There are 2 protein chains.
Amino acid sequence: MNELPNARPETDSQGAASLALRIAVIDNDSGFLQVLDKRLDRLGWEHRTLAGPAPVDEVVAMRLSAIVIDLAILGPQAWEYLERLCEAMPGLGVVVCTGRSSVAQRVRGLRLGADDWLTKPCHPEELIARVEAVVRRRREVDERRSAGPVEAGELVIRNDHFQAFVEGRSVALTRREFELIELLANADGRVLEREDIYQRVWGYAMVRGDRSVDVFVRKLRHKLEAASPNWSYIHTHFGVGYRFAAELREGADIVPDAPPADFVAEPANEAAALEA
Amino acid sequence: MNELPNARPETDSQGAASLALRIAVIDNDSGFLQVLDKRLDRLGWEHRTLAGPAPVDEVVAMRLSAIVIDLAILGPQAWEYLERLCEAMPGLGVVVCTGRSSVAQRVRGLRLGADDWLTKPCHPEELIARVEAVVRRRREVDERRSAGPVEAGELVIRNDHFQAFVEGRSVALTRREFELIELLANADGRVLEREDIYQRVWGYAMVRGDRSVDVFVRKLRHKLEAASPNWSYIHTHFGVGYRFAAELREGADIVPDAPPADFVAEPANEAAALEA
DNA sequence: ATCCTCGATCACCGAATGTTCACAGCTATT
DNA sequence: AATAGCTGTGAACATTCGGTGATCGAGGAT
């Protein structure tokens, strides 16, 4: 059998790529935690250690990127806890880091929704690399939208200001409202389902019957209409969700400051058909 | 230190949830491959084993969900290969499955873009579980977008809009209608039985005598005919079910608006507007 | 301590959508 | 050609969905 080529000396953990993450560690191995804490501090990751299974709601509230769990300290409800956690937060990176285990146990954990399973004792550096690997994809997707300001119709959405503007005036969106419109606007004209939206803005799974998304869409529409009366931006797709697209309102064909021509031709579209 | 709770006996690998994946394995450990092959077959995953590093382009062409690599057989260029691969296919799940390795090696591999690193010898079941875990996320984000628009006759079925279009105009399908036609259209000309259709669109088993599928087919035909009168799309197979295929209607061999080709096909529609 | 903003829920209502049924029209057999 | 079994149709009926305004409670700011 061939040899595995040698690795270069470990590159600096602060490598340009790795942005700061928020993670929590559920463990009680003080020695391990101490070492880990130091490394995490050095990386600039926000982190918190928990002695036991925090209620899922609380974990949700922490807005984590990932969580590291030693299943052994959770006792018999470990599996159930793991399952509930993964179900409630499909976007959360879950790395199990625990003592000796059987194949069946590892398989079970992974099937329940864990993203990785690391056996103790392990090197903190590897744990960190695995957490990074787990979080990487999600980040790649989320990040591409946090690029420069988005413009649509009269609206300018600036994530550096956490605010949207019309003709330089702030639309006075709250945080949630902003996150919602940012998500929609960056969806590139696609229709987003409520579950998706909720998942990505609120950070955890939507329970059936939750109307939060609708309510916020209404608030957004209200503020947007006040600020930019001739345009409509958020379109409902019945039974599915919402779609963002700047469209001239009916009867507002005179666009004072608008880029000439092109745009006026557009409204013969799906939305129009649906609303008909 | 507490004990890790026992896992239940391993649940059936064919678990309902796990859809078929396409994966490739770069390895040459014939014993391992044999066992793995059998398992993968049983799971219904399309898989292929490669004796060595296929050119990255070729791997791209395989349209894989994930790839399993034994770095050891790649020799000295292993790292470089891994890096190029991960870079070229950010959406590909990469699981390194290789012999003994140092922490530094594992960390390096993960940093280069690998999603998981498993040490041989390992149980195939665990490998499979890890591949599933790796693919899980990707699937969540990527799945919707992956299936590009389907075109047939004058019809364009877009799953990013949950809608079908004819010459850029929406056919105004409801969600169920859309899901039904999407299913049929993706069935690639095969005849689907009502039970199948119901099962896959409604999500549960059809009770004998339920006519929902028929009713929806009717609604679909109605809307499609209104939007694209010269074509018929859904065909009945008596005693069996339905088949999707765009076919010119009898006596409509002259397609009135077709000749100037491109022009008509590129309407000033929503799609165009969005891409602007 | 008190005021105020923001987010989470609720209940209500009109509208869009899905389900079911009876009957008419077809198809393949006898 | 007659018949039993499928499928197409239209409409009534039941459900679900989304918009809206109001209320309530948690925190933050004053």
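Nothing here was measured: the structure is a model prediction, and the numbers come from that model. Naming: A, B, ... by sequence-line order, numbering from 1 per chain.
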Can you tell me how far [atom2] of [N] sits from [atom1] of [X], to the nearest Å?
X: A:Arg175; N: D:dG27; atom1: CZ; atom2: P; answer: 16 Å
X: B:Ile197; N: D:dT7; atom1: CD1; atom2: C1'; answer: 13 Å
X: A:Arg208; N: C:dC10; atom1: CZ; atom2: P; answer: 13 Å
X: A:Phe178; N: C:dT5; atom1: CZ; atom2: P; answer: 22 Å
X: A:Lys223; N: C:dG7; atom1: NZ; atom2: C1'; answer: 11 Å
X: B:Arg176; N: D:dT15; atom1: CZ; atom2: P; answer: 15 Å
X: A:Arg243; N: D:dG18; atom1: CZ; atom2: C1'; answer: 17 Å
X: B:Phe238; N: C:dT29; atom1: CZ; atom2: C1'; answer: 11 Å

Parallel, tilted or perpendicular: ring planes of A:Phe165 versus A:His161, cut at 30 and 60 degrees: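 It falls in the perpendicular class, over 60°.
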B:Phe244 and B:Tyr233 aromatic ring geometry - parallel, tilted or perpendicular at 30°/60° bounds: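 If you compare the ring of B:Tyr233 with that of B:Phe244, the planes turn out parallel.
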Partner residues of A:Val240 under the side chain to side chain contact (heavy atoms under 4.5 Å, CB included) criterion, sequence neighbours left out: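 In terms of side chain to side chain contact (heavy atoms under 4.5 Å, CB included), with neighbours along the sequence ignored, A:Val240 is linked to A:Val191, A:Glu193, A:His237, B:Phe162, B:Arg175.
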Those residues that, when tested against A:His222, pass side chain to side chain contact (heavy atoms under 4.5 Å, CB included) (two or more places apart):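 Expected list: none.
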Heavy-atom side-chain proximity of A:Tyr242 to A:Asp214 below 4.5 angstrom: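 In short, these two side chains touch, coming nearer than 4.5 Å.
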Hey, does the side chain of [X] come within less than 4.0 Å of [N]'s phosphate (OP1/OP2), counting only N and O?
X: A:Tyr198; N: C:dG7; answer: no
X: A:Thr174; N: C:dG7; answer: yes
X: A:Thr236; N: D:dG19; answer: yes
X: B:Trp202; N: C:dT19; answer: yes

Inter- and intrachain pairs under salt bridge (Lys or Arg N to Asp or Glu O under 4.0 Å), touching residues 73-82 of chain A, at least two apart: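 Sorted result for residues 73-82 of chain A: A:Glu80-A:Arg84.
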Extract all donor-acceptor atom pairs below 3.5 Å that involve side chains of residues 53-63 of chain A and protein atoms in other chains or at least two apart in sequence.
none

Within residues 209-222 of chain B: residues closer than 4.0 Å to DNA chain C (heavy atoms):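 Those residues are B:Asp210, B:Val215, B:Phe216, B:Lys219.
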Estimated bend of the helix from C:dA1-D:dT30 to C:dT30-D:dA1 (axis per five terminal pairs, rounded to 10 degrees):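 Nearest ten degrees gives 30° for this helix.
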Any side-chain donor near an acceptor of the partner, A:Arg221 and A:Thr236, under 3.5 Å: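 Checked: A:Arg221/A:Thr236 side chains pair up, N/O donor to acceptor below 3.5 Å.
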Other residues, nucleotides, ligands: >12 heavy atoms within 6.0 Å of B:Gln199 CD: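 More than 12 heavy atoms, drawn from other residues, nucleotides or ligands, come within 6.0 Å of this atom.
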